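Just below is one structure, and these are the notes that go with it.
Note that the coordinates shown come from a computational prediction; the quantities given were computed from them, not determined experimentally.
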Number of protein chains: 2
Amino acid sequence: MTSHLRAGPLRARRTAGGKLLAVLAAFSRERPTLTLSEIARTVGVPLSTAHRLVGELTRWGALERDADGRFRIGLRIWELGALAPPALGLREAALPFMGDLYEVTHQNVQLAVRDGDEVVFVERIAGRDAVNVLTQVGGRFALPPTGVGLVLLAHAPAEVQEHVLAGPLTAYTQHTITDARQLRRVLAEVRRSGMAVSDRQVTEDAVSVAAPIEVRGAVVAALSIVVRGSSPAAVRSYAPGVRAAALGIGRILASTSTWS
Amino acid sequence: MTSHLRAGPLRARRTAGGKLLAVLAAFSRERPTLTLSEIARTVGVPLSTAHRLVGELTRWGALERDADGRFRIGLRIWELGALAPPALGLREAALPFMGDLYEVTHQNVQLAVRDGDEVVFVERIAGRDAVNVLTQVGGRFALPPTGVGLVLLAHAPAEVQEHVLAGPLTAYTQHTITDARQLRRVLAEVRRSGMAVSDRQVTEDAVSVAAPIEVRGAVVAALSIVVRGSSPAAVRSYAPGVRAAALGIGRILASTSTWS
DNA sequence: GATCTGTCTTCCGTCACGTGGAAGCGCGGT
DNA sequence: ACCGCGCTTCCACGTGACGGAAGACAGATC
């Protein structure tokens with residue numbers, strides 16, 4: 001096979017050709033709606049060009065225009081997204097288990113996959129009140145400090161692990177592990193025990209337990225429970241539940257459709 | 001404003017320009033993964049062209065290539081989709097309420113929006129067992145026979161209603177309403193009562209109650225409970241719960257971010 | 001009312017860049 | 001050895017994307 005088309009584990013590349021894609025890339029979690037001028041400025045093309053590009057995308061359904069004349073990502077893209085690996089199978093398989101976990105614990109339940117050297121949050125169940133701005137569905141975060149990230153990193157290809165361990169490890173709190181040597185030990189422990197605990201590494205008041213979701217030996221995602229303002233010991237008691245759910249999800253995935 | 005760029009209520013159009021988009025359009029719920037040749041055939045371009053297009057999309061993250069060499073929609077598209085109206089706000093606001101509804105009823109709970117003359121299912125909560133193939137997240141269906149569709153159609157712009165009423169009304173079961181005059185009466189009743197009941201109109205064993213989700217007077221989505229193999233009367237008892245949840249969701253939407 | 005500043009829209013001549021034919025590679029079947 | 005199939009790379013050609021320019025429109029400021 002040995003293809004140039006493989007999306008390498010280490011993301012990002014030159015903008016290449018299609019300006020259509022550049023227009024789509026202008027939208028982000030921070031700026032989910034844009035005006036035509038904003039798009040033109042962000043992409044770096046003249047207004048007339050942006051106008052044509054946006055027109056094409058809008059006709060196709062990739063973008064929508066709301067009443068104020070602002071553009072946003074359209075339904076068509078959302079529908080396509082429903083065909084991507086996170087949504088197709090993984091989400092469907094995981095939701096019931098996540099629901100059960102939530103019913104029992106009434107804590108945040110998270111489902112995430114790895115993309116390059118980042119976690120991407122695929123699903124989250126939380127109470128009506130628990131407004132957790134840090135992790136949003138579709139959001140990204142660095143791998144090392146999060147519970148799911150530790151699990152995903154521990155089972156990532158060696159080349160990814162080395163890249164993360166080599167790069168600077170950002171400290172989000174006092175407790176964030178920033179020493180590569182120590183992180184390496186933690187990852188080994190995660191592999192050994194089959195679970196990870198992130199103790200206030202992301203924010204001062206959040207502790208999480210995470211377990212890998214495996215299908216035929218390969219870790220494809222991670223599941224976690226996040227508790228705010230609790231002791232690591234108490235949180236650790238959730239571990240068996242999380243692991244059981246992760247196991248169940250893996251079993252469903254393996255039995256259903258194709259999962260690389 | 002009066003723009004050509006407005007995505008009209010009545011979907012579909014000429015394929016226009018960008019072949020990149022045509023490649024993305026080749027993926028569907030029925031065929032979520034494709035080989036390069038399949039893409040070339042579907043789009044109707046020579047293999048070399050498809051190769052370049054797919055390469056561009058893959059580099060960007062819009063497509064991914066799995067171990068077998070087959071292509072699928074990539075994480076990047078899924079992330080963008082998380083910025084679309086269904087996911088951004090609506091989903092977040094609705095999930096807790098849907099979870100509550102499910103906890104109480106243990107029946108299928110559905111969230112849907114309208115796109116042109118079709119329903120698009122945005123979210124669904126179902127038990128681990130209830131495998132309902134007919135409605136999948138990201139899936140589409142005709143408006144008239146479904147509960148959510150009746151609600152959305154009843155509150156759609158007159159031009160959409162006329163278009164649907166004029167077009168042929170497909171009969172999915174013996175009970176599907178296919179008479180325009182009768183459908184018109186039902187829609188009026190839906191508007192009056194603030195809820196819709198679809199009695200075995202989609203399949204012989206499914207009945208659903210649906211309620212509109214309104215924000216500042218505009219119906220932006222619909223919520224429903226679907227019950228299999230039950231009498232309409234029994235199902236109707238769920239109506240207050242559904243309506244209360246829909247009301248709650250609308251309130252959240254109105255209070256939070258911008259909702260056209 | 002005049003002017004300015006910002007937004008969006010349309011038009012059209014030029015030339016980069018996407019296009020697709022052709023050739024080559026690797027594999028599995030006969 | 002031969003063929004068929006799917007994939008990859010290369011490159012000369014000609015089309016369709018690009019963006020400058022001009023103008024419509026709305027809101028603010030004087």
* Asked: Across the strands shown, which category fits A:Leu47 at heavy-atom distances under 4.0 angstrom: base, sugar-phosphate, nothing?
  -> base
* To do: Return the value, rounded to whole Å, for the distance between atom CG of B:Leu36 and atom P of C:dC25.
  => 19 Å
* State, to the nearest 10°, the angle formed by the axis through the first five base pairs of the helix from C:dG1-D:dC30 to C:dT30-D:dA1 and the axis through its last five. => 30°
* Structure fact -> When every non-hydrogen atom of A:Val148 is compared with those of A:Ala210, the smallest separation belongs to N-CB, 3.6 Å
* To do: Give a yes/no on whether any side-chain N or O of A:Lys19 is located under 4.0 angstrom from OP1 or OP2 of D:dG19.
  => yes
* Just to confirm, is there a sub-4.0 Å distance from OP1 or OP2 of C:dG20 to any side-chain nitrogen or oxygen of B:Thr49? -> yes
* Asked: Distance-only, no hydrogens or angles: does the B:Glu56 side chain make a donor-acceptor pair with backbone N or O of A:Gly18 under 3.5 Å?
  -> yes
* To do: Would you kindly say whether A:Gln136 and A:Arg124 are connected by a side-chain donor-acceptor distance under 3.5 Å?
  => no
* Between C:dT5 atom C1' and A:Arg41 atom CZ, what is the distance in whole Å? -> 13 Å
* Asked: Hey, does the side chain of A:Arg52 come within less than 4.0 Å of D:dC18's phosphate (OP1/OP2), counting only N and O?
  -> yes
* Asked: Taking for each residue the nucleotide of DNA chain D bearing the nearest heavy atom, is the 5' side occupied by A:Leu53 or by B:Glu38?
  -> B:Glu38
* Indicate whether OP1 or OP2 belonging to D:dC7 is found under 4.0 Å from a side-chain N or O atom of B:Ser37. => yes
* To do: Rounded to the nearest angstrom, tell me the gap between atom CD in A:Glu56 and atom P in D:dA17.
  => 6 Å
* Phosphate contact (D:dT8 OP1 or OP2) by B:Arg65 side-chain N/O below 4.0 Å -> yes
* Can you tell me how far P of D:dC7 sits from CG of B:Leu63, to the nearest Å? -> 14 Å
* Counting only side-chain N and O atoms of B:His51, is one of them less than 4.0 Å from OP1 or OP2 of D:dT8? -> yes
* Should B:Arg140 and A:Glu79 count as an ion pair when the cut-off is N to O under 4.0 Å? -> yes
* To do: Go through the N and O atoms of the side chain of A:Ser48 and the base of D:dG20, and report whether any donor-acceptor pair is under 3.5 Å.
  => yes
* Asked: Can you find a heavy atom in the side chain of A:Val113 that is under 4.5 Å from one in the side chain of A:Phe121?
  -> no
* Do A:Glu123 and B:Arg91 meet the salt-bridge criterion of a basic N to acidic O distance under 4.0 Å? -> yes
* Asked: Run the side-chain contact (heavy atoms from CB on, under 4.5 Å) check on A:Arg191 and A:Leu187 step by step: do they pass?
  -> CA-CA 6 Å; A:Arg191 273 188 296 271; A:Leu187 291 179; 4.2 Å; yes
